[in-house]
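So the structure is just underneath, and the comments pick up after that.
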2 protein chains.
Amino acid sequence: MATRTRRTERREKPLSRERIVEAAIELLDTAGEGGLTFRALAERLATGPGAIYWHVAGKDELLTAATDVIVAEAMAAAPSGATPRETIRGLALAVFDAVDGHPWIGGDLSRAPARSPMLRVFERIGRQLQALGVPHAAQFTALSALQSYILGTGGLNAANARAQHQRDPGTDRSDFINAAADDWASLDPDEYPFTRGIAEQLRAHDDRVEFVAGIDIILDGITARWAPPVGG
Amino acid sequence: MATRTRRTERREKPLSRERIVEAAIELLDTAGEGGLTFRALAERLATGPGAIYWHVAGKDELLTAATDVIVAEAMAAAPSGATPRETIRGLALAVFDAVDGHPWIGGDLSRAPARSPMLRVFERIGRQLQALGVPHAAQFTALSALQSYILGTGGLNAANARAQHQRDPGTDRSDFINAAADDWASLDPDEYPFTRGIAEQLRAHDDRVEFVAGIDIILDGITARWAPPVGG
DNA sequence: ACCTGAACACCGTTCAAGT
DNA sequence: ACCTGAACACCGTTCAAGT
């Protein structure tokens, strides 16, 4: 502490897994998925690429660890609602907002949850399904439907963010949506009557509102089948 | 045609975009997502990597073209059901089975549909929603819910296939599921009571049956809200 | 017009050598 | 125990040169 070596001049804190993951998140948030490089990361940490391998096994593990940090933060912030339905909405929205803020987690969310914070999300949603009165035999099916929907929306939003950034980094989200809506509106009326017809709904929609509407549709379907109407 | 040059000896047909995409699909099906390489592809086509760039813009376009071929084939094979609900089931299952047979399309399905065959899938599903009696103002929301769910399941299945292949290429699907179920069953009862409780349902479930159940749940929710009970 | 294949500018990862 | 950075074995992509 008292002696100041060249190393401590270049780097305030010693290297650690935590600091590496933190730097990786910064890099991913700033430069996108393509920005996470062992060389860029090493430069940011004022070391060589080899040093990182002492603390993490490889790039996959690093990305997974970064995703887990984001999800765990989102979980900690998720409010507990007054009803099971509101709590499920809150948990689902926490995941939605996490992807919105860090689109690069979208691709990694679907990996086998194993012991990740994502397992905790679905544990909590599952308990609310129980509270809703879904019988034991139907719980796996009910949870699976919600899981596919939530992770699917995440993946879709991540893909959209990527496409938007790739087409023109300076472009706004609403410009991107408007371009897509224009595209739909210009489709052949004989081949795509339905898609043409909802082009203006695409233009005017709010991703977050649509997401919650989907959650409610699925919960309606679940409760109609399995939960007593008084409980829903 | 009559003269036989060294080139025609090494390659029966001339290079073409179609042949390149076809070879890419074979490579992806055989060796997985990591197997698609311009060098491997060039070798298979008995040419140099540069030749491929004359016919396709780059790797992204190649992967997209390959995905589109698989989806288009799946669409062509999708049967038209007796009711709107059965037709939607058939279309959704066609996508499900396509991902099952070619897991590498899972990651690419969520890209902006633009003019891809995927747009045709959702056009057809949308028309069935119309036939079901979903009013115009709710059609975008209803379709979005189905879309997120279908693509989400696809992404999840693709991720599972990847994880399974990565952990142990020789392992069977049921071994993989059993290992996950064992994992769930061994979780801390205080922290994960719900997940523990559905471990045996995970072990016994059938992906395809669960997928259709989810489609039905969503359609129940949609019809309960928007379609007259006689029409559902 | 189409193909060739060496070359360029990157990657993730390893590893002998240092402290 | 932890770090360094050159080196290895790859990539996608380009491009001068061929036919």
Side-chain angles (χ1 to χ4, degrees), chain A residues 1-24 27-28 30-67 104 107-108 111 162 166, chain B residues 1-24 27-28 30-67 104 107-108 111 162 166:
Chain A
M1 260 328 183
T3 59
R4 181 173 287 214
T5 70
R6 188 169 293 144
R7 214 178 73 221
T8 54
E9 276 178 4
R10 291 177 64 203
R11 182 166 58 230
E12 318 87 54
K13 301 172 206 165
L15 220 49
S16 70
R17 190 185 154 89
E18 199 184 341
R19 253 176 62 70
I20 290 170
V21 172
E22 189 190 336
L27 217 42
L28 287 160
T30 307
E33 284 183 76
L36 180 60
T37 290
F38 274 82
R39 282 168 181 82
L41 192 58
E43 197 188 6
R44 206 183 188 88
L45 293 164
T47 183
I52 298 168
Y53 282 88
W54 185 263
H55 300 276
V56 298
K59 195 176 184 182
D60 277 354
E61 194 195 289
L62 184 55
L63 229 164
T64 295
T67 300
W104 48 269
D108 208 42
R111 101 191 108 87
R162 238 190 328 262
Q166 200 168 358
Chain B
M1 254 338 177
T3 59
R4 181 171 286 213
T5 71
R6 188 170 291 143
R7 213 178 74 220
T8 54
E9 274 177 6
R10 292 176 65 204
R11 182 167 59 231
E12 318 87 52
K13 301 172 206 164
L15 219 50
S16 69
R17 190 187 155 89
E18 197 184 344
R19 254 175 62 70
I20 291 169
V21 172
E22 188 189 337
L27 218 42
L28 287 160
T30 307
E33 284 183 75
L36 181 59
T37 290
F38 274 82
R39 282 169 182 80
L41 192 58
E43 196 187 7
R44 206 184 188 85
L45 292 165
T47 182
I52 298 167
Y53 283 87
W54 185 263
H55 300 275
V56 298
K59 195 176 185 182
D60 277 355
E61 194 196 290
L62 183 55
L63 230 163
T64 295
T67 300
W104 49 270
D108 207 44
R111 103 190 107 84
R162 238 190 327 262
Q166 200 167 359

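Numbers restart at 1 for each chain; the letters A, B, ... are given by sequence-line order, proteins then strands.
Closest approach of B/I52 and B/A42 over heavy atoms only: CD1-N, 3.9 Å. Nearest heavy atoms, B/L41 versus B/A24: CD1-N, 3.6 Å. Smallest separation of non-hydrogen atoms from A/L36 and A/K59: O-NZ, 3.0 Å.
Between C/dG12, D/dT13, C/dC3, one nucleotide has an atom nearer to the side chain of B/A51 than all others, and that is C/dC3. Comparing C/dT13, C/dC3, D/dC3 by their closest approach to the side chain of A/L15 singles out D/dC3. Side-chain atoms of A/R39 lie closest to C/dT13 of the nucleotides D/dG12, D/dC3, C/dT13. In the set C/dC3, D/dC11, D/dT13, C/dC3 carries the atom at the smallest distance from any side-chain atom of B/W54. For B/Y53, the listed nucleotide lying nearest its side chain is D/dT14; candidates were D/dT14, C/dA1, C/dC11.
Looking at heavy-atom distances under 4.0 Å, A/L36 makes contact with sugar-phosphate atoms alone, never a base.
Atom CG of A/L45 is separated from atom P of D/dG5 by 14 Å (rounded to the nearest Å). In this structure, the CD atom of B/E33 is 16 Å from the C1' atom of D/dC11, given to the nearest Å. What separates CG of B/L41 from P of C/dC3 is a distance of 13 Å, to the nearest Å. One interatomic measurement links the two molecules: CZ of A/F38 to P of C/dT13, which rounds to 5 Å at whole-angstrom precision. Nucleotide C/dC10 holds its P atom 13 Å from the CD atom of A/E43, rounded to whole Å. The distance from atom NZ of B/K59 to atom C1' of D/dT14 is 17 Å, rounded to the nearest whole Å. Computed from coordinates, the A/R17 CZ to D/dC3 P distance equals 14 Å when rounded to whole Å. The NE2 atom of A/H55 sits 8 Å away from the C1' atom of D/dC3 (whole-angstrom rounding).
Positionally, the nearest nucleotide of DNA chain C for B/G48 lies more toward the 5' end than for the other of B/G48 and A/G34. Residue-to-nucleotide proximity on DNA chain D shows that, of A/P49 and B/G50, the 5′-proximal contact is made by A/P49.
Counted within 6.0 Å of CD on A/E61, heavy atoms from surrounding residues, nucleotides or ligands total more than 12; the atom is thus considered enclosed.
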Dot-bracket pairing map - DNA chain D, Watson-Crick plus G-U, both contacts under 3.5 Å, | cross-strand:
||.|||||...|||||.||

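Among residues at least two apart or in separate chains, ring-ring contact (aromatic ring centres under 6.0 Å, His included) pairs with a member in residues 41-60 of chain B are B/F38-B/Y53.
The backbone N or O of B/A40 sits nowhere less than 3.5 Å from a side-chain atom of B/T37 that would complete a donor-acceptor pair.
Inter-residue side-chain proximity for A/L63 and A/E33 is flagged as unmet; no heavy-atom pair is nearer than 4.5 Å.
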